[in-house]
Protein chains: 2
Amino acid sequence: MKPGPRRSISQADIVDAAFEILEEKGFAAVSVRAVAAALGLTPTALYTYFPSKGALQAAMIEQLLAGVAEADAGSEPAEPAWRERIHAVAAALRARIAGHAGSIALLTSGPLDGERSRDVAEALIAAFAEAGLGADEAARAGHAVRAQVIGAAALDAAAAATPEQTPAPQTLWKEPSRHPRLEASAHLGLDTGEADEASRRWALDRLIDGLLASA
Amino acid sequence: MKPGPRRSISQADIVDAAFEILEEKGFAAVSVRAVAAALGLTPTALYTYFPSKGALQAAMIEQLLAGVAEADAGSEPAEPAWRERIHAVAAALRARIAGHAGSIALLTSGPLDGERSRDVAEALIAAFAEAGLGADEAARAGHAVRAQVIGAAALDAAAAATPEQTPAPQTLWKEPSRHPRLEASAHLGLDTGEADEASRRWALDRLIDGLLASA
DNA sequence: ACCTGAACACCGTTCAAGT
DNA sequence: ACCTGAACACCGTTCAAGT
């Protein structure tokens with residue numbers, strides 16, 4: 001592929017290559033130079049497609065969030081439609097983040113003002129408004145749900161970055177722990193990123209309970 | 001100050017200098033080289049105090065979280081003690097993050113397995129246990145509160161990083177917005193980092209409501 | 001219009017050497 | 001023991017030049 005006036009790749013190709021690096025080597029490895037190299041280009045060529053690294057990251061975020069706001073509730077007619085709708089959007093957001101290793105670092109690395117980000121915010125506010133909350137409370141509730149999902153993902157990422165410590169060698173007596181309750185909850189996997197789906201959903205359910213109770 | 005076997009500064013001095021750079025120039029500006037320069041040292045000298053940049057950041061996190069777990073409930077005897085206790089710890093965590101610009105990027109940049117991080121987790125779990133939740137539920141509840149506070153701070157940081165857009169020039173007719181509810185809630189300041197204290201506390205209250213209702 | 005290559009001002013970290 | 005200086009393999013971005 002010789003240099004020339006023919007565009008050899010698309011913006012989408014670049015975003016795809018960037019995601020591949022993100023998922024395999026982490027957020028810090030997503031450099032302009034690495035992405036360019038993966039595509040067989042020089043770093044400077046990328047500046048023909050995106051004006052800055054930040055613009056590339058914004059495009060990545062938009063792709064990550066594409067479709068989240070339109071997430072369907074599926075087939076659980078037991079609950080009111082709006083409650084399933086909130087769950088569907090929140091679950092889709094969580095699933096997108098969980099499905100792309102390193103993506104929470106991407107999401108928290110800069111502004112979240114893209115069209116898709118706003119779609120997600122709007123969808124959540126609309127669902128809470130349907131549930132009977134006033135305009136202001138619905139906006140606050142949507143914000144709280146976004147915070148909960150993003151915060152949980154950030155804690156998961158922190159857990160994933162934690163080097164697993166080898167258990168202390170057996171001794172005859174134990175120092176009393178300063179964190180007995182935290183250690184007793186280790187089997188839940190909350191701080192190792194190994195919590196099951198039900199565990200993850202629980203907190204969101206409780207938040208929604210509390211938010212709806214204010215209606 | 002000549003080079004020599006006398007230790008000219010302390011680890012605390014380095015952490016302080018790093019925080020100054022963090023708050024004035026942002027997380028990305030906290031480089032080993034910049035911190036060293038601020039102290040009049042060469043970059044390599046810092047490796048006498050900390051084995052890596054990550055170790056310095058871990059020390060920063062520990063200092064940031066120092067005392068949060070011991071936050072006092074203050075003088076609001078209207079509510080049960082444990083509820084005020086949850087609020088006190090959550091508010092202290094939020095206040096620490098809000099009081100140090102850029103600190104949420106620090107907190108989400110790596111593992112959160114320090115002694116002080118665990119103190120915060122333990123304090124929250126203990127408060128929920130006092131409130132009557134079972135061991136597992138208390139652990140999940142504590143985790144949810146940490147996620148809420150960190151997630152809200154992450155959204156605040158994203159808002160702070162968003163370039164404020166100049167309002168569109170007045171036109172005779174308006175395109176119907178795709179995000180009417182989101183835009184109608186702009187006065188709350190949720191997406192500009194300008195929300196007031198009551199607004200920030202509201203989400204946390206609703207979460208705690210929902211968590212306690214499961215007891 | 002698209003791309004290369006050189007360059008600038010950075011980065012974390014290692015290593016040999018100085019006092 | 002503490003610190004410097006040189007070095008290595010990186011970074012984002014700009015700019016002149018090539019096709």
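Every chain is numbered from 1, with letters handed out A, B, ... down the list of sequences.
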Is any side-chain heavy atom of B/Phe19 closer than 4.5 Å to one of B/Leu64?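 Yes, close enough: below the 4.5 Å cut-off.
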With side chains defined as the heavy atoms from C-beta onward, is the minimum distance between B/Val30 and B/Gln57 less than 4.5 Å?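 Result no, sub-4.5 Å side-chain heavy-atom pair not found.
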For the pair made of CZ in A/Phe50 and P in C/dC3, what is the distance, rounded to whole Å?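 Rounded to whole Å, this separation is 13 Å.
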Within this structure, what is the CG-to-P distance between A/Leu39 and C/dT4, rounded to whole angstrom?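 After rounding, the gap between these two atoms is 11 Å.
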Could you write out DNA chain D as a dot-bracket string, with dots for unpaired bases, | for bases paired across to another strand, and Watson-Crick or G-U pairs counted at under 3.5 Å? ||.|||||...|||||.||
Does either side chain, that of A/His143 or that of B/Asp191, offer a donor lying less than 3.5 Å from an acceptor on the other one?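 There is no such pair (donor and acceptor under 3.5 Å, judged by atom type) between the side chains of A/His143 and B/Asp191.
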For residues A/Ala29 and A/Ile21, report the shortest heavy-atom separation together with the two atoms involved.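 Between these two residues, the closest heavy atoms are O-CG2, 3.5 Å.
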If you take all heavy atoms of B/Gln148 and A/Ala147, which pair is closest and at what distance?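 Heavy-atom minimum between the residues: NE2-CB, 3.8 Å.
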What pairs of residues pass the side chain to side chain donor-acceptor pair (under 3.5 Å) test when at least one of them lies in residues 90-108 of chain B, not counting sequence neighbours?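 Passing the test, one end in residues 90-108 of chain B: B/Arg94-B/Glu197.
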Do nucleotides 9-17 of chain C as a string where each nucleotide becomes B, S or -: B if the base has a protein heavy atom under 4.0 Å, S if just the sugar-phosphate does, - if no protein is that close. --BBBBB--
Side chain to side chain contact (heavy atoms under 4.5 Å, CB included) partner of B/Ile97, the single match among B/Leu106, B/Leu65, B/Ile104: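 Only one of B/Leu106, B/Leu65, B/Ile104 forms a side chain to side chain contact (heavy atoms under 4.5 Å, CB included) with B/Ile97, namely B/Ile104.
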Are OP1 or OP2 of D/dC3 and a side-chain N or O of B/Tyr49 less than 4.0 angstrom apart?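 Answer yes for this pair, as a side-chain N or O of B/Tyr49 is under 4.0 Å from OP1 or OP2.
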Between the side chain of B/Arg146 and the main-chain N/O of B/Ala90, is any donor-acceptor distance below 3.5 Å?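 A pair under 3.5 Å: no.
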